[in-house]
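Notes follow once the structure below has been shown.
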Amino acid sequence: MALPCPREQGVGKVQTRVRVSRDRARTMGVGPVCAGVVADTGSTRRSTNRRRLHSMSALAKKLFYSKRFNKLAVRLYSAVNPPPYRRANMEFDYDVWNGICTFHSHDGRQIGENNTNPEIYREVIETEHKICKFEGSRNGLPINVTALRQVMAVWTDALQFTTMLRNDYLRRRGLTGPRLTLRQGYVFSKLGAAYPAYLARKRSHPITSLPALETAFFTLGVGPFMIVRTFMEKGDLAVLHDGPLTAAELYEMADSSGTLISADGKGCAGSKKLILDFLDVTMNGTFAKPLDSVDALRAVHSIADWDEFYAYVYATSRLELMVRLTQYLCAQSLWALQLRDGLLSGAEQTLVLACLDKCYHDPGDRYDDRTVMGNFIQVVLALLDELDFPQVRAALVNANLVNSGNGGYLIDQVGGDVRVSAARRIRLATELIFPFCKQELDTTHRALHRFESQTITLDDLQNRACGPSLKPLLALLETRPTQHGAPVGVLA
């Protein structure tokens, strides 16, 4: 997929400005040569102003992220634009992990550390990094030694806390075996981010910072979730494996898929043995020592109502998955549109690419987009089933948006014009999923006993899924007829 040539766009705009200036010049009795000079002078002035604004913007960004001014700058910005965890619909607008990662631990550090998002809220703080010497994908990358030391200071307590939570998780779900499948581990790992989010956002006695033990669990507990997410985004169905996996198998999956490397190129700081030990405790229940940690028991008792907490975990997990499902259902129609030569105008192609940039995580050239999208949808539906929410699958099957047996997407069911059909499928997908999203957001607010008057609209879901470019794109697709009446293809 290629964007329209920026140079051609620029030329078009300059020619328009010159033409307007010449018309204005004639009404003033100025000749065409002078008019050209007027146009060139205006263009030069605008170009100079743009360069000055760019320089000012670069300087402002440099000051904002400097160690000297950053903390004050973030604090001032946050006073006007509250960070996600202070917003009513955080769980919908971001998701739990990205929403709560700007929260602070007792020692004043943000719990998301290097991965804190959105970037505008990320604080520059003294952090020691070293070059990773572990074998595998992380070798040679910087690792956060400061965060590692914080985890190791509460390591035994963290294993006990994880085991206590795990035992309760098994009881609640009626799971008899000690070992978890990857899908079951995915649901359990959602507790890692939900724990601080729930305690920080609930109406009654919200916490203002997170203790060291819970911060370590936030860092460690998301492991199975991260593995599943990475495989989903590459269209790999290995996460649907029905049996339990050994810690060594899980580590190999994490290392080979890039799960142990952050988006900005930093490696997970834990050694292979450390990661194996935690995965074994989390997924296979191997912690055999007495559960007598005072700090772990304190952390467990910090949740006054575990039924309410689990309602929050399930509702927010479903909500996050449904947003991603909406994105990939839309992405398949958008992908099919931009694949056809001559079907879209330049402006429409730009809008499609902007939407795809928002809703689709490009796995790279080695992967087939059609397969990745279909498999991603299949995994999301399986995870929603794991979260006791089969209603979404049933609704999509009844609407012929997916096959009953898998996540294949049938874009040709409506038939007729490709453009109109794609637009209808996008609208149908968002309209079907929207009531479920609203329902789970309402459940989230009830669990928090807060924000009950806040809700979302269908426009909010479309904007969250594909960005602001979707609305004008749909209007164009539904009003301008296609240039050729080629039949819609099957993407399943």
Side-chain angles (χ1 to χ4, degrees), residues 78 82-113 115-117 121 123 147 150-151 153-154 157-169 172 187-223 225 282 291 293-320 387 440-452 454:
S78 299
Y85 69 86
R86 293 181 184 167
R87 302 184 190 183
N89 292 339
M90 178 201 85
E91 293 82 0
F92 172 78
D93 292 332
Y94 296 89
D95 70 39
V96 173
W97 198 97
N98 282 309
I100 197 62
C101 63
T102 56
F103 196 67
H104 290 83
S105 60
H106 277 2
D107 65 1
R109 300 177 70 88
Q110 291 175 314
I111 61 176
E113 288 283 340
N115 300 310
T116 297
N117 280 309
Y121 296 102
E123 296 173 0
Q150 292 173 326
V151 168
V154 295
D157 291 333
L159 295 181
Q160 289 200 36
F161 182 52
T162 301
T163 302
M164 292 175 186
L165 295 184
R166 188 181 184 279
N167 290 344
D168 185 59
Y169 173 76
R172 286 175 176 275
V187 176
F188 175 68
S189 73
K190 299 298 286 181
L191 273 66
Y195 184 96
Y198 173 77
L199 290 176
R201 286 174 55 73
K202 65 188 182 73
R203 176 184 293 276
S204 177
H205 306 294
I207 62 173
T208 56
S209 61
L210 196 64
L213 172 56
E214 290 91 318
T215 302
F217 182 65
F218 174 82
T219 302
L220 297 165
V222 297
F225 158 74
T282 301
L291 300 176
S293 164
V294 174
D295 204 24
L297 288 168
R298 174 204 54 78
V300 168
H301 293 144
S302 294
I303 302 287
D305 188 333
W306 279 89
D307 291 338
E308 198 169 71
F309 172 65
Y310 262 87
Y312 179 81
V313 173
Y314 269 59
T316 56
S317 299
R318 292 165 177 169
L319 185 57
E320 178 183 338
L387 286 158
E440 295 309 300
L441 183 61
D442 290 343
T443 302
T444 297
H445 290 162
R446 285 196 299 272
L448 296 171
H449 295 282
R450 195 177 181 191
F451 311 123
E452 287 97 336
Q454 301 294 317

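Numbering starts at 1 and runs along the sequence shown.
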| message | Let's go through T116 and C101 carefully: what are the C-alpha distance in whole Å and the side-chain angles of both, what is the deciding distance for side chain to side chain contact (heavy atoms under 4.5 Å, CB included) to 0.1 Å, and is it a yes or a no? | response | CA-CA 5 Å; T116 297; C101 63; 4.3 Å; yes
| Hey, mind stepping through N117 and Y94 against side chain to side chain contact (heavy atoms under 4.5 Å, CB included) and telling me if it holds? | CA-CA 10 Å; N117 280 309; Y94 296 89; over 6 Å; no
| field | Audit row: D307, R172, side chain to side chain contact (heavy atoms under 4.5 Å, CB included) steps and yes/no | value | CA-CA 10 Å; D307 291 338; R172 286 175 176 275; 2.9 Å; yes
| request: For R203 and E452, run side chain to side chain contact (heavy atoms under 4.5 Å, CB included): C-alpha distance rounded to whole Å, both residues' side-chain angles, the deciding distance at 0.1 Å, then the answer. | output: CA-CA 11 Å; R203 176 184 293 276; E452 287 97 336; 4.2 Å; yes
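At distances below 3.5 Å, not a single donor-acceptor pair connects side-chain atoms of N89 with backbone N or O atoms of R87. Here the side chain of R450 pairs no donor or acceptor atom with the backbone of S204 at under 3.5 angstrom. Using modelled atom types, no side-chain atom of E91 and backbone atom of A315 make a donor-acceptor pair closer than 3.5 Å. Judged by distance alone, with hydrogens and angles left aside, the side-chain atoms of W97 form no donor-acceptor pair with the main-chain N or O of G192 at under 3.5 Å. Judged by distance alone, the side chain of Y85 and the main-chain N or O of V96 form no donor-acceptor pair under 3.5 Å. For the pair Q110 (side chain) and E123 (backbone), a donor-acceptor distance under 3.5 Å is present. Between the R201 side chain and the L448 main chain, no donor and acceptor come within less than 3.5 Å of each other.
Across all their heavy atoms, Y169 and V187 have their closest contact at OH-CB, 3.4 Å. Shown here for A311 and T443, the closest heavy-atom pair between the two residues is O-CG2, 4.3 Å. The shortest non-hydrogen separation linking D168 to W306 is OD2-CE3, 4.2 Å. L387 approaches R318 most closely through the heavy-atom pair O-NH2, 2.8 Å. Across all non-hydrogen atoms, the minimal contact from R86 to S78 is NH1-O, 4.5 Å.
Taking CZ of F309 as the reference point, atom CG of L191 lies at 4.5 Å (rounded to 0.5 Å). For the atom pair CD of Q150 and OG1 of T219, the computed distance is 8.0 Å after rounding to the nearest 0.5 Å. A distance of 11.5 Å separates CD1 of I100 from OG1 of T316, quoted to the nearest 0.5 Å.
Partners of Q160 by side chain to side chain contact (heavy atoms under 4.5 Å, CB included), not counting sequence neighbours, listed by chain and number: T156, M164, F287, L291, D292, S293, A296.
In this structure, F161 has its ring center closer than 6.0 angstrom to the ring center of Y195.
Ring-plane geometry between Y198 and Y312 is classed as tilted, the angle between the planes lying from 30 to 60 degrees on a 0 to 90 degree scale.
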For a quick test of your reading: what N or O donor-acceptor pairs under 3.5 Å do the side chains of residues 205-213 make, sequence neighbours left out?
unit_1: S209; atom_1: OG; unit_2: H106; atom_2: ND1; d: 2.7

